[in-house]
Amino acid sequence: MAKMIKKKAIPATTPNQLNAGTVIEGSITIEGHLRLDGKIKGDITCSGKLVIGDQGEVEGNIHCQSADIIGAVHGDIQVKENTSLFSKSKIKGNIYTFSINIEPGAVFNGKCIMGSDEK
């Protein structure tokens, strides 16, 4: 008799990662967390935390649970919980978030609506 091998399910808390040098053209949907050190030309929908590293770039809109942005975003950002813009971040677009932290040195050109993730 053949033995049944069960595959372990990857927990939703295991982060997905796109490394530097990776370029994706098109919208993506991620179940769980995402760390982006590459470039995405399209929208991102992420059910967990989105981290955009210092080499990460997004040309599109973002929808996520929480966000730590060190890199660049050109588009609107909708975050259900907290958004953190670190000193190297460059944002051109509007942010809709429950709360926001902005470090000195961050560049943010757009409007911010706090207290809600709804446009």
Quiz item: What's the verdict on side-chain contact (heavy atoms from CB on, under 4.5 Å) for Ile69 and Ser89, showing C-alpha distance, side-chain angles and the deciding distance?
Solution: CA-CA 6 Å; Ile69 302 173; Ser89 65; 4.0 Å; yes
Practice problem: Quick one: do Asn94 and Ile113 satisfy side-chain contact (heavy atoms from CB on, under 4.5 Å)? Show the steps, please. | Solution: CA-CA 8 Å; Asn94 301 319; Ile113 305 297; over 6 Å; no
Quiz item: Between Asn61 (side chain) and Gly75 (backbone), is there a donor-acceptor pair under 3.5 Å?
Solution: no
Quiz prompt | pair Ile100-Cys112: side-chain heavy atoms closer than 4.5 Å | solution = yes
Exercise. Please examine the side chains of Ile40 and Leu18, heavy atoms only from C-beta on, and report whether any two atoms are closer than 4.5 Å.
Key: yes
Exercise. Give, for atom OG of Ser47 and atom NZ of Lys80, the distance between the pair rounded to the nearest 0.5 Å.
Key: 8.5 Å
Quiz prompt | For Cys64 against Gly48, the heavy-atom pair lying closest together | solution = CB-O, 3.8 Å
Self-check item: Pair Asn19, Gln17: side-chain N/O donor-acceptor within cut-off below 3.5 Å
Solution: yes
Quiz item: Does the side chain of Tyr96 reach to within under 4.5 Å of the side chain of Lys111, using non-hydrogen atoms?
Solution: yes
Self-check item: Atom pair CG (Leu36) and CD1 (Ile44), whose distance is rounded to the nearest 0.5 Å
Solution: 5.5 Å
Quiz item: Can you tell which of Thr45, Val73, Val79, Ile95 makes a side-chain contact (heavy atoms from CB on, under 4.5 Å) with Ile62?
Solution: Val73
What donor-acceptor contacts under 3.5 angstrom involve side-chain atoms of residues 51-60, with partners at least two apart or in another chain?
residue, atom, partner, partner atom, Å
Glu59, OE2, Lys39, NZ, 3.2

Self-check item: Interatomic distance, Ile102 atom CD1 to Phe86 atom CZ [nearest 0.5 angstrom]
Solution: 12.0 Å
Practice problem: With sequence neighbours excluded, tell me which residues meet side-chain hydrogen bond (donor to acceptor under 3.5 Å, both in side chains) with Asp43. | Solution: none
Quiz item: When rounded to the nearest 0.5 angstrom, what is the spacing between CD1 in Ile30 and CD1 in Ile28?
Solution: 4.0 Å
Practice problem: Please name the pair of heavy atoms, one in Gly32 and one in Cys46, separated by the smallest distance, quoted to 0.1 Å. | Solution: O-SG, 3.1 Å
Quiz item: If you look at every heavy atom in Ser87 and Pro104, which pair is closest and at what distance?
Solution: CB-O, 3.2 Å
Quiz item: Phe108 and Gly93: which non-hydrogen atoms are nearest, and at how many Å?
Solution: CE1-O, 3.2 Å
Practice problem: With rounding to the nearest 0.5 Å, note down the distance linking OG1 in Thr29 to NE2 in His63. | Solution: 10.5 Å
Quiz item: Is His33 reaching over with its side chain to a backbone N or O of Lys49, donor-acceptor style, under 3.5 angstrom?
Solution: yes
Quiz prompt | Co-membership, hydrophobic cluster, residues Ile24 and Ile77, 4.5 Å side-chain | solution = yes
Practice problem: Assess the side chains of Ser66 and Asn82: does a donor N or O sit below 3.5 Å from an acceptor N or O? | Solution: no
Quiz item: Roughly how far, to the nearest 0.5 Å, is the CD atom of Gln65 from the CD atom of Glu81?
Solution: 4.0 Å
Quiz item: Does Ser99 use its side chain to pair, donor to acceptor, with the backbone of Met114 at less than 3.5 Å?
Solution: no
Exercise. Please examine the side chains of Asp68 and Leu50, heavy atoms only from C-beta on, and report whether any two atoms are closer than 4.5 Å.
Key: no
